[in-house]
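The structure under discussion appears below in the form of structure tokens.
For the single chain, residues carry numbers from 1 onward in sequence order.
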Amino acid sequence: GNLLHDCYSVNLYVVDARGLRIEGNYIYNSSDEYNRAVGGERAHGISMGTESATAPVVLQDITVANNLILGASVGILYARFSGLGYSGIGIYYNVIADTRREAVWFGAAGTSRGVARNNVFFRGANDSAVGVNSTGWIIDHNLWPNGGQQGTASIVADPLFSAPGNIVVYNAGIASY
């Protein structure tokens with residue numbers, strides 16, 4: 001994993017990708033110093049997009065797992081520019097908190113299929129946790145500490161993090177003490 005923080009626009013950006021794992025990263029924004037000039041928003045945590053100049057593509061088989069994302073505008077985001085959409089997106093075992101907007105937001109696209117399972121999604125400052133403009137998503141078995149639950153087998157409860165501000169990052173993943 002990587003430590004990514006206080007970047008302009010987006011902390012980790014993936015474009016026109018296939019067969020990719022984004023795993024074990026600690027991503028955060030600690031101030032408004034690097035907010036975008038247009039809109040004044042903080043950087044997104046992880047953003048995926050389709051911007052093919054020569055031929056439109058579909059993002060395929062991308063797993064986003066075991067990441068800690070704090071203080072972003074949106075935690076995990078799909079932005080459709082000129083591409084065809086996405087298929088096989090898996091969002092698993094992430095903790096996303098203190099966002100300005102949604103923890104996860106995926107816009108509508110011609111092709112749109114994904115799974116969000118076993119995550120901890122805190123509602124953002126806009127009082128929303130997940131924005132998915134597609135019926136092609138399975139959202140289940142997630143923890144929603146401050147509400148906003150969606151999908152099946154949702155749990156609304158305090159995750160009882162012992163000291164969420166003191167994060168230790170290991171190569172194999174993220175642990176909180």
Side-chain angles (χ1 to χ4, degrees), residues 1-52 57 59-83 85-86 88-107 109 114-126 128-132 142-143 145-146 148 159 161 163-176:
N2 299 291
L3 172 62
L4 304 164
H5 66 93
D6 296 314
C7 295
Y8 179 81
S9 187
V10 66
N11 285 288
L12 192 151
Y13 185 56
V14 174
V15 64
D16 299 343
R18 292 186 175 154
L20 178 68
R21 289 188 68 84
I22 302 168
E23 188 168 12
N25 299 291
Y26 175 27
I27 300 170
Y28 71 91
N29 295 322
S30 63
S31 78
D32 292 333
E33 184 176 350
Y34 301 102
N35 285 9
R36 287 179 235 156
V38 176
E41 290 187 24
R42 284 187 173 185
H44 299 304
I46 298 170
S47 182
M48 295 175 253
T50 49
E51 296 188 62
S52 302
V57 300
L59 292 177
Q60 290 181 325
D61 303 322
I62 297 176
T63 298
V64 181
N66 297 308
N67 297 286
L68 175 62
I69 303 171
L70 304 173
S73 180
V74 174
I76 301 172
L77 164 77
Y78 167 77
R80 181 174 180 231
F81 297 103
S82 62
Y86 51 89
I89 302 296
I91 300 174
Y92 308 104
Y93 307 106
N94 300 284
V95 175
I96 304 173
D98 301 324
T99 58
R100 297 281 173 97
R101 294 178 27 209
E102 292 84 356
V104 176
W105 188 86
F106 273 71
V115 175
R117 183 177 289 139
N118 299 320
N119 299 282
V120 179
F121 292 141
F122 286 82
R123 277 190 313 208
N126 69 345
S128 181
V130 173
V132 176
N142 295 292
L143 177 65
N146 58 353
F161 293 135
N166 300 320
I167 304 297
V168 178
V169 180
Y170 299 100
N171 287 337
I174 298 169
S176 176

Exercise. With a 4.0 Å cut-off, would you call Arg18 and Asp61 a salt bridge?
Worked result: no

Are [X] and [Y] side-chain neighbours, meaning at least one heavy-atom pair lies under 4.5 Å?
| X | Y | answer |
| --- | --- | --- |
| Ile89 | Tyr78 | no |
| Pro159 | Phe122 | yes |
| Asn29 | Tyr34 | no |
| Ile69 | Asn94 | no |
| Glu102 | Leu77 | no |
| Arg42 | Asp32 | yes |
| Arg36 | His44 | yes |
| Tyr28 | Leu3 | yes |

Reported [atom1]-to-[atom2] distance for the pair [X] and [Y], which is rounded to 0.5 angstrom:
| X | Y | atom1 | atom2 | result |
| --- | --- | --- | --- | --- |
| Asn35 | Arg100 | CG | CZ | 6.0 Å |
| Arg21 | Thr63 | CZ | OG1 | 5.0 Å |
| Leu4 | Tyr13 | CG | OH | 16.0 Å |

Residue pair [X] / [Y]: nearest heavy atoms and the distance that separates them:
| X | Y | answer |
| --- | --- | --- |
| Arg101 | Thr99 | O-OG1, 2.5 Å |
| Ala17 | Leu59 | N-CD2, 3.1 Å |
| Ala72 | Gly45 | CB-N, 3.5 Å |

So, [X] side chain and [Y] main chain: donor-acceptor pair closer than 3.5 Å or not?
| X | Y | value |
| --- | --- | --- |
| Asn2 | Asn25 | no |
| Asn142 | Ala116 | yes |
| Tyr8 | Ala37 | yes |
| Asn118 | Tyr92 | no |
| Asn67 | Ala65 | yes |
| Asn126 | Ser128 | yes |

For this session: Check whether the side chains of Tyr86 and Thr50 place a donor and an acceptor atom closer than 3.5 Å, and report yes or no.
Result: no

Problem set entry | Derivation of the side chain to side chain contact (heavy atoms under 4.5 Å, CB included) call for Ile96 and Asn119 | CA-CA 8 Å; Ile96 304 173; Asn119 299 282; over 6 Å; no

